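As structure tokens, the structure follows; a few thoughts come after it.
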Amino acid sequence: MICHRICYPAFLSLLLAGFLLFSLEKVEAQEAKRPNIVMVLADDMRWDYLGAMGANQLTQTPNLDRLAAEGALFRNAFVTSAICTPSRTSILTGMYERRHGVTFGSKSVMTEEAFANTYPMLLRQSGYYTGWVGKNHTPIGKSEKGLGYQSGVMDQSFDYWRAGHGHLSFYPKNQHEIFKDAKADNQIDIIQEAVDEFLSIDEALETSQSFLRTRPTDQPFCLMINFNVPHSNGTNSMKQLPTDPELYRTGYRDQIDQLELPANYVPYDSIQTPKLPRNVYNGEYLNSYAWVKTKESLNENQIRTLETVTGIDQVVGKIVRELEAQGILDNTIIVFTSDHGLFHGENGLAGKTLLYDIDLKIPMIIYAPGLQQPKILDEISLNIDIAPTLLDFAGVEIPGEMQGKSLKPLLENKKVEWRSDFFSENLFMEQNYPRTEAVGSKDWKYIRYYSKEEDQHHILSMISPILGEEPIYEELYDLKNDPNEQHNLAGQADKQELLQKFRDRCAALLLEAKGDNELPKTYIEDFDDKEFRDSVEVIYRKLKVE
């Protein structure tokens with residue numbers, strides 16, 4: 001009897017210990033199955049500079065092409081805002097610009113609450129080890145140090161941070177203290193060093209700027225790599241220094257005679273009929289994009305674009321080889337894309353923000369191991385789909401406020417209802433760009449523009465079309481027969497019924513993009529007037545009731 005009194009509790013303890021050990025092993029086994037994630041974002045890279053798309057015979061992107069061949073290539077991928085800050089914020093949040101509220105030039109800053117619901121922070125909360133490398137162009141948070149880029153909130157939110165806020169230039173050491181201890185001098189190789197340090201499973205060098213000690217091998221990781229090329233801030237600052245790698249001094253220069261001007265290229269001095277009426281868009285070029293004015297300066301930028309795109313490709317290739325060497329490539333998702341496209345002088349236009357396909361269309365590849373591959377997907381895919389897709393693969397609940405759709409079902413060959421069109425917008429109110437909204441499908445594009453004469457706060461500009469503001473100009477393009485968007489059909493008598501259909505569709509998609517009728521979760525430097533804020537909140541509440 002005494003034996004039973006002693007042994008029974010001991011047995012229970014052993015049983016409990018065994019159960020806990022089994023549970024722990026089960027959890028670790030589940031954790032091991034969670035995929036690592038590498039997200040690579042190019043800056044201002046057009047879709048036709050990815051070799052796998054087959055549109056540019058000079059582009060050398062063999063490593064990206066391999067990922068496209070072994071993974072999934074999205075041939076109809078677009079952004080919902082064709083300018084850096086709102087587009088990059090849409091990638092993080094899975095939301096339209098109109099919903100997240102971070103618009104370029106508006107002094108709007110994402111709150112800490114909103115940042116906590118971005119995909120990297122949700123992954124980190126669920127156990128992922130996170131790293132951010134390169135460029136950040138989304139202002140986040142406030143502290144005693146300042147607002148947005150000065151707050152330090154984003155810098156402290158990652159396990160590994162090796163990045164600069166805003167532009168990097170091709171030689172980041174001249175711009176950002178955090179890169180001062182890098183061995184390399186050029187942006188691409190400095191980013192490569194940071195990637196190597198993050199991926200290393202050996203003890204990392206401790207620096208005053210790096211939070212990394214040793215990447216844990218028992219955690220899945222998410223690494224975000226953000227280039228500032230081929231953006232002109234990077235390419236225009238290239239100097240072909242003797243210390244630069246040969247690629248950035250002589251690459252592609254022996255092929256300059258093979259460069260082709262874009263379809264419908266118009267030199268600045270030859271513009272007779274502007275693409276848009278001058279009361280809609282004055283057509284002036286920002287200095288950073290003035291290189292499209294002549295064939296010679298355009299060709300020089302094309303060379304630098306090719307060089308830096310190939311440089312990005314080499315970084316991707318080295319990442320793949322390192323993942324293979326560590327035996328974890330088969331458990332790593334790799335995403336490659338760009339924040340938007342860019343005009344190279346087509347129709348006498350330069351820069352971005354306008355809602356033509358040249359600006360909206362992007363290269364996009366997703367390499368997701370374990371799926372039936374390779375794939376070429378022609379469904380309309382958006383930058384706001386990236387966040388829910390990565391959360392879906394990681395087994396993390398997708399917040400209801402995310403407006404994108406997970407691409408995982410498409411990658412798994414599941415039959416799902418999918419979008420047949422999409423909404424895009426530009427709420428940028430500074431410089432010379434008009435506020436714009438558009439609806440695009442595979443066959444048609446409708447664009448409408450609003451007056452810059454209306455002196456509105458950017459929060460009001462988000463809802464003014466809902467409140468009845470009328471566009472000052474409209475365009476309608478038959479993309480099937482006019483892929484370069486040359487012939488505006490909006491004024492044709494036989495297209496008025498179709499035009500009205502797209503007006504109605506744009507209004508409906510605008511409401512979807514706006515989402516719930518609450519103010520966006522942003523800090524706004526010039527929005528501290530309580531009377532004005534209260535009046536805006538009244539308008540938003542009224543919209544909710546209606």
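Predicted, not measured: the structure shown is a model, and the values here were computed from it.
Under the salt bridge (charged side-chain N to carboxylate O under 4.0 Å, His left out) criterion, E437 pairs with R98, R448, sequence neighbours left out. Residues passing the side-chain hydrogen bond (donor to acceptor under 3.5 Å, both in side chains) test with D443: none are found, sequence neighbours excluded. Evaluation of the salt bridge (charged side-chain N to carboxylate O under 4.0 Å, His left out) rule for D392 yields no partner, not counting sequence neighbours. Residues meeting the ring-ring contact (aromatic ring centres under 6.0 Å, His included) test with Y149, sequence neighbours left out: H165. In this view, H231 and H167 satisfy the ring-ring contact (aromatic ring centres under 6.0 Å, His included) rule, not counting sequence neighbours. With sequence neighbours left out, D44 forms a salt bridge (charged side-chain N to carboxylate O under 4.0 Å, His left out) with K352. Annotation: side-chain hydrogen bond (donor to acceptor under 3.5 Å, both in side chains) contacts of D330 (sequence neighbours excluded): none. A search for ring-ring contact (aromatic ring centres under 6.0 Å, His included) contacts involving F78 returns F422, not counting sequence neighbours. Judged as a ring-ring contact (aromatic ring centres under 6.0 Å, His included), and not counting sequence neighbours, the contacts of F221 are F198. Partners of D43 by side-chain hydrogen bond (donor to acceptor under 3.5 Å, both in side chains), not counting sequence neighbours, listed by chain and number: R88, K135, N228.
Side-chain contact between F423 and E425 is present, with at least one heavy-atom pair separated by less than 4.5 Å. At a threshold of 4.5 Å between non-hydrogen side-chain atoms, the residues P465 and Y450 count as touching. Using a 4.5 Å heavy-atom cutoff, the side chains of L467 and L543 are in contact. The shortest distance between side-chain heavy atoms of I539 and L460 falls below 4.5 Å. Counting only heavy atoms from C-beta outward, the side chains of N383 and T80 approach each other to under 4.5 Å. You'll find the side chain of P363 reaches within 4.5 Å of the side chain of S338, heavy atoms only. Within the 4.5 Å cutoff, no side-chain heavy atoms of W444 are placed close to those of Y477.
Aromatic ring pairs are classed by plane angle as parallel below 30°, tilted from 30° to 60° and perpendicular above 60°; the pair H137 and F104 is perpendicular. Note: F158 and F115 have tilted aromatic rings, judged against thresholds of 30 and 60 degrees for the angle between ring planes.
Around the NZ atom of K442, the shell of radius 6.0 Å holds more than 12 heavy atoms that belong to other residues, nucleotides or ligands. More than 12 heavy atoms of other residues, nucleotides or ligands shown are found within 6.0 angstrom of NZ on K495.
Evaluation of the ring pair (Phe, Tyr, Trp, His ring centres under 6.0 Å) test over residues 384-411, restricted to residues two or more places apart or in two chains, returns none. Pairs of residues two or more places apart, or lying in two chains, that qualify as side chain to side chain donor-acceptor pair (under 3.5 Å) and include a residue from residues 109-118 are E112-Y523, E113-K521, N117-E401.
E518 and Y540 are not linked by any side-chain donor-acceptor pair at a separation below 3.5 angstrom, with hydrogens and angles left out of the test. T138 and T89 form a side-chain donor-acceptor contact under 3.5 Å, judged by distance and modelled atom types alone. Between the side chains of E474 and Y449, not a single donor N or O lies within less than 3.5 Å of an accepting N or O.
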